[in-house]
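First the structure, in the form of C-alpha cells, and then the observations on it.
Treat the numbers as computed from the prediction; the structure is a model and nothing was measured. Here is the naming used below: chain letters follow the sequence lines, and residue numbers restart at 1 for every chain.
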There are 2 protein chains.
Amino acid sequence: MAPGANGEPSVSPPKKRRLGSRYAVLGMLSMGLKTGYAMKKHVEGNLGHYWSESYGQIYPTLRQLVDEGLATCTEERRKGKPMRNLYAITSSGRKELREWLVVPPEPQPQRSELLLKLSFGDRVDSEACQKLIRDHSQQCERDLSYLSEIESALLEPPRKHRDQPYWLMTLRHGRAIREAELAWCNETLEHLRQLETERKR
Amino acid sequence: MAPGANGEPSVSPPKKRRLGSRYAVLGMLSMGLKTGYAMKKHVEGNLGHYWSESYGQIYPTLRQLVDEGLATCTEERRKGKPMRNLYAITSSGRKELREWLVVPPEPQPQRSELLLKLSFGDRVDSEACQKLIRDHSQQCERDLSYLSEIESALLEPPRKHRDQPYWLMTLRHGRAIREAELAWCNETLEHLRQLETERKR
DNA sequence: CTAGCCATGTAATCCGTTACATGATTGG
DNA sequence: CCAATCATGTAACGGATTACATGGCTAG
C-alpha cells in the first residue's frame, strides 16, 4: 500500500523553516519601501537594535516574492539617475503577512557568547572576568544612547507615521532589556569581587 | 614583488569567524566532560538558557581539536557496554581557551521575531497584538520556573562544583532579563489597550 | 579627479540544525 | 519484547553574512 494513505497522521512532519527574512522584506514592502537599497538602509538605521538583513538576503527574497505573486516589480529608468527596481506589495502579499503576524514566534535558541565565557570564568583571573562585564556594561550604555537617538528622531516632528506607536514599543523593549543588563552587570561585578576576596583568604 | 611585502597594511583583513562551538566544546572539555554525548546532555540540561549545540557540531569539532593538538582522544571498549571515545583537554587547549576567554565578545546581531512582528502591529487588530505579547509573557514565566529548577538543583547538595558561582551568575542573568521582559509585556499591553481605545474614538 | 552615495546583484563560504544510520545494553 | 538510554557519526539542507563585481551621478 502506498505510504501516507488511510489517514495516517504521518503526513510528513511539518518541517520547521525560519523564513524571517522573507517576512521582514514583505513587511517593509507593506510600509511602502520600494527598493532593496532603501530596505537595507531602513534596517541599519531603524531596526538595527532587533533585526538585521543583508543584500544577499534582500535581493533574492524580493525576486522570490514577485515569483509568488506577493509583490510586483517595475523598472524605473530616469535620465541622469541610476536605474531602480521599484517593488510593491500585492493584496495576497498583505494577506500572507497578516497570517504570519498572528502566529506566535516559537522561542529561538539563544546563544550568548558573554555568558558562555563567564561560565568558564574560573579559568582566568577575576580581573579578566570583571573586564568582560565592564565592557558589556559599556556596550549597553552605548546601545541606550543609540536607542535614545532613534527615539527622539521618531518623536521630533509631530507628523506621525502609522507605525510610530509600534516602533516606540520596540524601543522601550530595547531600553528595558539594556537597563536590566546594566543592573545585572553591577550585581555581577559585586559577586566577582566577593569571589576574589574569598579566593585570597 | 611578492604581495604583502614591504610592511603594507593590507596583510589581508583579519576575517571574522564565529567559532563559538569550538570554544564551547573546549570549555566543556576543561570541565572534565569526556564524551560528545555527555556534552550534548550538559548543554541541554545546564546551558540551555544561553547556549545550544548539536551533535553535528560537537563530533566534528572534537575531531578537529584533536587534530590541532588541543585535545586527546582515547578509545575505551568495555565488555558489555558500548564503545566510547574519551576526550581530554591538553595544556595547549587550556591555553587557547584562556586566550579566547579574555577577548570581549563583539556584539552579535540580534534578531527578535517578536519585535519584528510587533513593529508591523498596525496590519492586524489589537487583539492579535495583545495575544502575541501575552504568549511571550507566558513563555517568560515558563523560562523563569525552568531557571529556578536549575538553580535549586545547583544549590541543593552542599558539594560545590568549581564553576558553581559562575553558573549562578548566568542564572541570575536569565532571571533579570526575563523579569524585565515581563515588566515590558505588561507596559506594552497597557499601551496596546490605549491605542485600541484611541482607534475606536 | 575622486570620494561617497545610490543602486543592483551573485558566489563563496560559514555556521548550524535536522534527519538519518547504526548498534549495544538495561529495565519494565 | 520493547522502549529508553548510551553512544557515535555523517549528509543534506537551509539560512545568513561577506566579499566581490559593476556603474553612474554629485559635491567638493
Side-chain angles (χ1 to χ4, degrees), chain A residues 10 12-25 33-45 47-48 51-66 73-87 106-113 116, chain B residues 10 12-25 33-45 47-48 51-66 73-87 106-113 116:
Chain A
S10 59
S12 97
K15 271 187 188 181
K16 299 174 192 179
R17 297 174 64 190
R18 281 270 148 245
L19 300 176
S21 298
R22 178 189 173 86
Y23 292 102
V25 168
L33 296 183
K34 293 186 199 345
T35 69
Y37 186 82
M39 290 180 193
K40 184 78 206 300
K41 291 291 119 168
H42 184 251
V43 169
E44 281 166 8
L47 314 186
W51 201 257
S52 67
E53 218 50 82
S54 60
Y55 286 130
Q57 293 282 101
I58 292 173
Y59 286 116
T61 299
L62 282 169
R63 174 157 305 183
Q64 204 197 325
L65 291 175
V66 172
C73 173
T74 61
E75 263 184 39
E76 185 205 40
R77 31 188 83 257
R78 304 155 296 174
K79 51 188 176 223
K81 296 220 168 174
M83 182 268 280
R84 310 194 286 178
N85 293 330
L86 298 180
Y87 294 89
E106 50 193 288
Q108 29 206 342
Q110 304 240 13
R111 289 183 112 182
S112 163
E113 211 175 298
L116 185 64
Chain B
S10 60
S12 94
K15 274 186 186 182
K16 298 175 192 178
R17 297 175 63 191
R18 283 267 148 247
L19 300 176
S21 298
R22 178 189 174 87
Y23 291 103
V25 169
L33 296 183
K34 292 186 199 346
T35 69
Y37 185 83
M39 290 180 193
K40 184 78 205 305
K41 292 290 120 170
H42 183 252
V43 169
E44 281 165 10
L47 315 185
W51 201 257
S52 68
E53 217 53 81
S54 60
Y55 286 130
Q57 293 282 104
I58 292 172
Y59 285 116
T61 300
L62 281 169
R63 174 158 306 183
Q64 203 196 326
L65 291 174
V66 172
C73 174
T74 60
E75 264 184 40
E76 184 204 41
R77 32 189 83 256
R78 305 157 294 173
K79 53 191 174 218
K81 296 221 171 176
M83 181 267 281
R84 310 195 286 179
N85 292 331
L86 298 180
Y87 293 88
E106 50 194 287
Q108 31 207 339
Q110 304 239 14
R111 288 184 114 181
S112 162
E113 211 175 296
L116 184 64

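Of all nucleotides listed (D:dA16, C:dG9, C:dT17), C:dG9 comes nearest to the side chain of A:Tyr59. Side-chain proximity of B:Tyr87 to the nucleotides C:dG16, C:dT17, D:dG9 is greatest for D:dG9. Checked against C:dT17, D:dA7, D:dT17, the side chain of A:Gln57 finds its nearest nucleotide in D:dT17. You'll find that the side chain of A:Glu53 is closest to D:dT17, out of D:dT17, C:dT8, C:dG16. Residue A:Ser54 has its side chain nearest to D:dT18 when only D:dT18, D:dT8, D:dG15 are considered. Relative to the side chain of A:Tyr55, the nucleotides D:dT17, D:dG9, C:dG9 differ in distance, and C:dG9 lies closest.
The residue among B:Pro109 and B:Leu86 whose nearest nucleotide of DNA chain D is located toward the 5' end is B:Leu86.
Among residues two or more places apart in sequence or in another chain, the side-chain contact (heavy atoms from CB on, under 4.5 Å) test is passed with A:Gln108 by B:Glu113. Legend: residues meeting ring-ring contact (aromatic ring centres under 6.0 Å, His included) with B:Tyr59, ordered by chain and number and at least two apart, are B:Tyr55. Taking B:Gln57 as the reference, B:Ser21, B:Glu53, B:Ser54 meet the side-chain contact (heavy atoms from CB on, under 4.5 Å) condition, with sequence neighbours excluded. Residues satisfying the side-chain contact (heavy atoms from CB on, under 4.5 Å) test with A:Leu86, not counting sequence neighbours, are A:Lys34, A:Thr35, A:Thr74, A:Glu76, A:Arg84.
No engagement by B:Arg22 is indicated, since no non-hydrogen atom pair under 4.0 Å with the nucleic acid exists. Looking at heavy-atom distances under 4.0 Å, B:Arg63 makes contact with sugar-phosphate atoms alone, never a base. Residue contacts shown for B:Gly56 include a base, since a base heavy atom lies under 4.0 Å away.
We find that CD1 of A:Ile58 is positioned 15 Å from C1' of C:dT10, with the value rounded to whole Å. B:Leu33 places its CG atom 15 Å from the C1' atom of D:dC6, with the value rounded to the nearest Å. A straight line from NZ of A:Lys40 to C1' of D:dT17 spans 10 Å, rounded to a whole angstrom. A:Gln108 places its CD atom 18 Å from the C1' atom of C:dT18, with the value rounded to the nearest Å. We find that OH of B:Tyr23 is positioned 12 Å from P of C:dC15, with the value rounded to whole Å. Between A:Arg18 atom CZ and C:dC15 atom C1' the separation is 14 Å, expressed in whole Å. As a whole-Å value, the separation of A:Arg17 CZ from D:dG14 P is 6 Å. As a whole-Å value, the separation of A:Glu44 CD from D:dT17 C1' is 13 Å.
The shortest non-hydrogen separation linking B:Leu116 to A:Gly20 is CD2-O, 4.2 Å. For the residue pair B:Ala24 and B:Trp51, the shortest heavy atom distance occurs at CB-NE1, 3.4 Å. In terms of heavy-atom proximity, B:Val43 sits nearest to B:Ser52 at CG1-CA, 3.7 Å. The minimum heavy-atom distance between A:Asn85 and A:Cys73, with the atom names listed, is CB-SG, 3.9 Å.
Here A:Ser21 does not reach the OP1 or OP2 of D:dG15: none of its side-chain N or O atoms lies under 4.0 Å away. Residue B:Arg111 has a polar side-chain atom (N or O) positioned under 4.0 Å from OP1 or OP2 of D:dA16. Distances shown here put a side-chain N or O of B:Ser52 below 4.0 Å from the OP1 or OP2 atom of C:dT17.
Comparing the start and finish of the helix from C:dC1-D:dG28 to C:dG28-D:dC1, five pairs each, the helix axis swings through 20°, to the nearest 10 degrees.
Residue A:Tyr23 holds its OH atom at 11.5 Å from OG1 of A:Thr61, rounded to the nearest 0.5 Å. In this structure, CG on A:Leu33 lies 13.5 Å from OH on A:Tyr87, to the nearest 0.5 angstrom. To the nearest 0.5 angstrom, A:Arg111 atom CZ is 10.5 Å from B:Leu47 atom CG.
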Where do N or O atoms of nucleotides 4-6 of chain C meet protein N or O atoms at under 3.5 Å, pair by pair?
residue : atom : partner : partner atom : Å
C:dC6   : OP2  : A:Tyr37 : OH           : 2.8

